[in-house]
Amino acid sequence: MKESANKADAAAAATAQRRIGIHLSTAGGVHTGAERAHELGANTLQIFTASPRMWRAPKPKLDECKKMRELRAQWDIGPLVVHAGYLINVCSQTPEFLEKSVASFRGEVERALAVGAEYLVLHPGSHKGGTRHDALKLAAESIERAMDGLAWQGADFHVLIENTAGAEFSLGGSFEQVAELIELLRRHAPVAACLDTCHTHVAGYDFVNEEGYAETMRQVESTIGFESVRVWHCNDAKAARGSRLDRHQHIGEGMIGAEPFKRLLHDERFAHCAFIAETPVDAPEDIAKNVNALQVLAR
């Protein structure tokens with residue numbers, strides 16, 4: 001009995017140490033993201049290093065990058081996740097747009113390395129006008145071109161391919177597509193996966209029911225692999241399963257509900273992951289509310 005109790009206590013303590021955070025503003029300097037995370041009691045965070053709706057952006061100031069590293073070390077905040085801009089489409093069938101995307105993603109990698117981020121999350125893009133097979137190859141080639149010559153070797157850094165909601169022509173709507181792109185890139189760049197709970201749900205995977213969750217995780221294991229999943233975007237969903245509508249909702253208030261998040265946070269196969277909310281901010285208190293919701297579910 002005592003041995004079982006000790007094991008249960010150890011498991012509870014490990015779960016309590018889950019890396020839980022949220023996407024935060026860096027208004028006032030990139031280092032302010034760490035300050036905001038600390039104020040929330042979060043131990044990981046996601047940021048943009050520039051406006052997500054612009055092609056070109058200045059590099060973050062060196063003193064701000066240094067301060068970010070210092071604050072993260074002081075408060076044990078990590079990993080730092082950067083999300084790439086929304087304009088980037090590394091499988092675009094329009095040459096001009098593709099070249100802009102490659103240049104923009106190169107800038108994203110440079111800035112992520114400058115701030116000391118461990119992960120840079122990328123949506124694989126849309127292949128309207130081309131085939132999925134060709135788009136996967138083009139996306140891999142574009143990412144490889146964007147990273148050519150950059151000093152990522154030796155850094156604790158990975159590009160994370162995020163699964164998508166499964167809209168027509170979008171890459172990444174299935175675990176198989178994410179896995180294919182990772183495999184194409186593996187020899188040329190440090191690459192892994194970011195899975196989004198809302199995207200998984202609306203793409204048609206059963207994330208809600210216990211039996212469905214088990215089957216969905218079996219598919220993750222057989223395609224991407226548990227170890228390759230480094231970040232979970234924890235978002236409830238406003239839309240029904242299989243709807244392909246990417247509409248995030250507060251934790252526990254959508255079509256997914258609270259229980260599946262508790263199941264995920266207690267899943268030891270993802271103990272190495274960061275769990276980051278990208279939930280709506282309808283009121284100032286919503287940021288803390290969603291971080292707290294995940295922390296409570298992880299206990």
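Values in this document were obtained by computation on a predicted structure and should not be read as measured data.
With Tyr213 as the aromatic partner, Arg263 meets the cation-pi criteria of under 6.0 angstrom to the ring centre and within 45 degrees of the ring axis.
When each of Arg69, Arg72, Arg230 is checked for a salt bridge (charged side-chain N to carboxylate O under 4.0 Å, His left out) with Glu118, only Arg72 meets the rule.
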Indicate every side-chain donor-acceptor pair of residues 96-109 with a distance under 3.5 Å to a residue at least two apart or in another chain.
residue: Glu99; atom: OE1; partner: Arg145; partner atom: NH1; Å: 3.3
residue: Glu99; atom: OE2; partner: Arg145; partner atom: NH2; Å: 3.0
residue: Ser101; atom: OG; partner: Asn89; partner atom: N; Å: 2.9
residue: Ser101; atom: OG; partner: Asn89; partner atom: O; Å: 3.3
residue: Ser101; atom: OG; partner: Phe97; partner atom: O; Å: 2.9
residue: Ser104; atom: OG; partner: Trp55; partner atom: O; Å: 3.3
residue: Arg106; atom: NH1; partner: Ala146; partner atom: O; Å: 2.8
residue: Arg106; atom: NH1; partner: Asp148; partner atom: O; Å: 2.8
residue: Arg106; atom: NH2; partner: Asp148; partner atom: O; Å: 3.2
residue: Glu108; atom: OE1; partner: Arg111; partner atom: NH2; Å: 3.2
residue: Glu108; atom: OE2; partner: Gly85; partner atom: N; Å: 2.8
residue: Glu108; atom: OE2; partner: Arg111; partner atom: NH2; Å: 3.4

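Distance CG/Asn235 to CD1/Ile256: 8.0 Å, rounded to 0.5 Å. Atom SG of Cys234 sits about 8.5 Å away from atom CG of Asp196, to the nearest 0.5 Å. Considering OG1 of Thr200 and OH of Tyr205, their distance stands at 8.0 Å, rounded to 0.5 Å. For the atom pair CD1 (Ile224) and CD (Gln177), the distance works out to 10.5 Å, reported to the nearest 0.5 Å.
When side chains are defined from C-beta on, His38 counts as touching Ile77, because their heavy atoms get closer than 4.5 Å. Val208 has its side chain out of reach of Arg241: every pair of non-hydrogen atoms, C-beta onward, lies at least 4.5 Å apart.
No side-chain N or O of Glu278 forms a donor-acceptor pair with one of His23 less than 3.5 Å apart. A donor-acceptor contact closer than 3.5 angstrom is absent between the side chains of His31 and Glu64.
Side-chain rings of His248 and His199 approach one another, their centers coming within less than 6.0 Å. Ring to ring, Phe275 and His233 are not that close: their centroids are 6.0 angstrom or more apart.
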